[in-house]
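Counting starts at 1 for both ligands and their atoms, following the listed order. In this text, all values refer to a predicted model and were calculated from it rather than measured experimentally.
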Amino acid sequence: MGKKKLKGLHEAMLWEPQKDKRVLCLLCARRCSIPEGQEGLCRVRVNIGGKLYTKTFGKLTAINIDPIEKKPFYHFYPGAKTLSIATFGCNFKCNFCINWKLSQEWIEETEYYSPEEIVKMANEEGCKVIAYTYNEPTMLFEFAYKTGKLAHRYNIKNVFVTNGYMSLEAVKKISRVLDAAVVDVKASLDPEFYRKYMSVPDVQPIYECIKTFQRQRVFLEITNLIIPQIGDKREFNERLAEWIMNELGSDIPYHLLRFTPDYQLLNLPPTPIETLEEMIDDAKRQGLRYVYIGNVPGHEAENTYCFNCGELLIKRHGFNVLENKLVKGRCPSCGFKINVVTD
Ligand code: SF4
C-alpha cells in the first residue's frame, strides 16, 4: 500500500493480527474482527493491508473552553477552566444522542491539530484540564494518549467523558495519562434499554471498565441519564447505587441527569423533576453521599453539602460555581474531609 493512500491515517494502538490479514481491534468491548479493506463498527478504525489504522488522529470537530462542571465533574478541581476537544464517531448507536452530528452522522467539519498545539493552547488559555469529550473519547484514543502525556509535563490534567465500553486493555493503557473520568450511563444500566435504544448487546463490560478505572486510581464520577417512560425504572437506579456503594464506595459523586428529546427520540417529554428527586432519595438511601441532579439549573441538588454537618459547601447554578467554601478539601464548619480533588 503506497504512502499516498494512507494519507490522513495513523497506525492504531491495541490490535492484533489474525488469519487472512484480518485484525482484531482490542480498543473497546465490541472487539471487532475486521477483514482487510474494511472498517470496525465505529467506522473510525480501518484495516489496510492487515494493519489497523485510525482515521481520527488530530482531526478535531470541536475545541471549546468550558467550565469543568459542564462535563459534569463536581468534585475534580471545581470551577476549573477546561479545554474540551472532540472528533467524530462512536462505538454506540444511541438514537437519542445530543451530539449525533459528530457521533453518528459525521456531518461536522474537522480541522487538524497536533498534540503540541492542543497543549500549548490549554497552557496559554490557563486551562487546568484537557477534556476528551462530546463524542466517545475512545474514538480519539491515540491522540488523547499522546496529548495527555505531553499535557502532564505542563501540569495539565486529562479527563475522559466516556460511555465506559472501553476494553480493560484500553483502560489500563490510558490510565497512565488519565487523571479523572466521568462514566456516562443511561437508564441505570438497564440491559434491555441498552439493547433496544443503543444497540449495545451487554452492559457487563461497563461495570468492569468502571472498576478497572478505580483500580488504576483514576478519579471517578458517574452520571445516569434518566429517560422518561422507557428508561426510568427505580429498581434499576437502586441496584446501580447499591453496586456503586459496595464496589466503589460511598464517596463517588453520582449525577442523575434530566433527558431532553433529541435526534430520533423526539416523541418523549423531558424527565419530570419529581422522578429525578425520588431517584436521588433512593440513591442516598443506598448510602451514596454525594448525589446530584443534572440539567436542572437552580435546583438545590446541584450544590455540594457536607455529609457530616449539612453545611452548604459549593453553591452552583448550571455550570457555574457561585461559591466554594471548602478549605483544603475540608468543611470549614466541622473539618470533615470531602472527596474533592483540588491543588
Ligand atoms: S473501537 Fe470498538 S467498535 Fe471500533 S473497531 Fe475497535 S472494537 Fe470495533
Side-chain angles (χ1 to χ4, degrees), residues 1 6 8-61 85-95 97 99-106 108 110 132-148 160-178 181 183-186 189 191 194-210 212-213:
M1 185 62 58
L6 296 180
L9 297 178
H10 187 95
E11 191 171 337
M13 290 173 167
L14 298 171
W15 60 277
E16 58 189 39
Q18 294 182 304
K19 268 194 198 159
D20 304 323
K21 289 200 169 175
R22 289 179 85 95
V23 300
L24 181 67
C25 178
L26 303 171
L27 182 56
C28 89
R30 301 255 183 206
R31 294 182 108 82
C32 299
S33 172
I34 310 170
E36 191 188 2
Q38 293 192 26
E39 298 165 340
L41 177 136
C42 60
R43 293 157 56 206
V44 162
R45 290 158 91 80
V46 56
N47 175 351
I48 296 177
K51 266 189 173 181
L52 192 62
Y53 292 86
T54 172
K55 298 184 199 171
T56 59
F57 191 91
K59 290 185 194 158
L60 304 186
T61 49
I85 63 172
T87 184
F88 45 75
C90 192
N91 53 350
F92 279 9
K93 305 284 164 209
C94 308
N95 68 357
C97 181
N99 287 319
W100 59 271
K101 286 184 184 165
L102 25 133
S103 67
Q104 304 300 325
E105 305 291 345
W106 297 35
E108 296 289 330
T110 63
Y132 307 84
T133 179
Y134 306 135
N135 76 316
E136 168 54 33
T138 321
M139 301 294 106
L140 197 59
F141 191 85
E142 290 75 9
F143 186 79
Y145 187 78
K146 208 166 169 200
T147 307
F160 265 23
V161 181
T162 174
N163 59 29
Y165 212 59
M166 296 164 74
S167 69
L168 301 190
E169 296 94 318
V171 175
K172 285 178 190 161
K173 178 109 189 157
I174 202 70
S175 294
R176 293 183 203 163
V177 301
L178 204 63
V183 179
D184 278 333
V185 310
K186 331 286 180 200
L189 284 173
Y194 268 70
R195 276 193 291 275
K196 197 164 168 194
Y197 298 99
M198 301 163 70
S199 305
V200 176
D202 182 13
V203 296
Q204 195 53 36
I206 300 172
Y207 289 106
E208 298 304 325
C209 173
I210 294 173
T212 311
F213 267 133

Identify the two heavy atoms, one from T87 and one from L102, that lie closest to each other, and give their separation to 0.1 Å. O-CD1, 3.6 Å
Centre of Y145's six-membered ring, under 6.0 Å away, within 45 degrees of the axis: is that where NZ or CZ of K173 sits? yes
Parallel, tilted or perpendicular, judged at 30° and 60°: which one describes the rings of H10 and F57? parallel
Is the closest basic N to carboxylate O distance between K51 and E36 below 4.0 Å? no
Short of 2.8 Å from atom 2 (Fe) of ligand 1, name each protein N/O/S atom, waters not counted. C28 SG
Please name all residues satisfying ring-ring contact (aromatic ring centres under 6.0 Å, His included) with W15, sequence neighbours left out, ordered by chain then number. none
V171 and side chain to side chain contact (heavy atoms under 4.5 Å, CB included): which single residue from T212, T138, I210 fits? T212
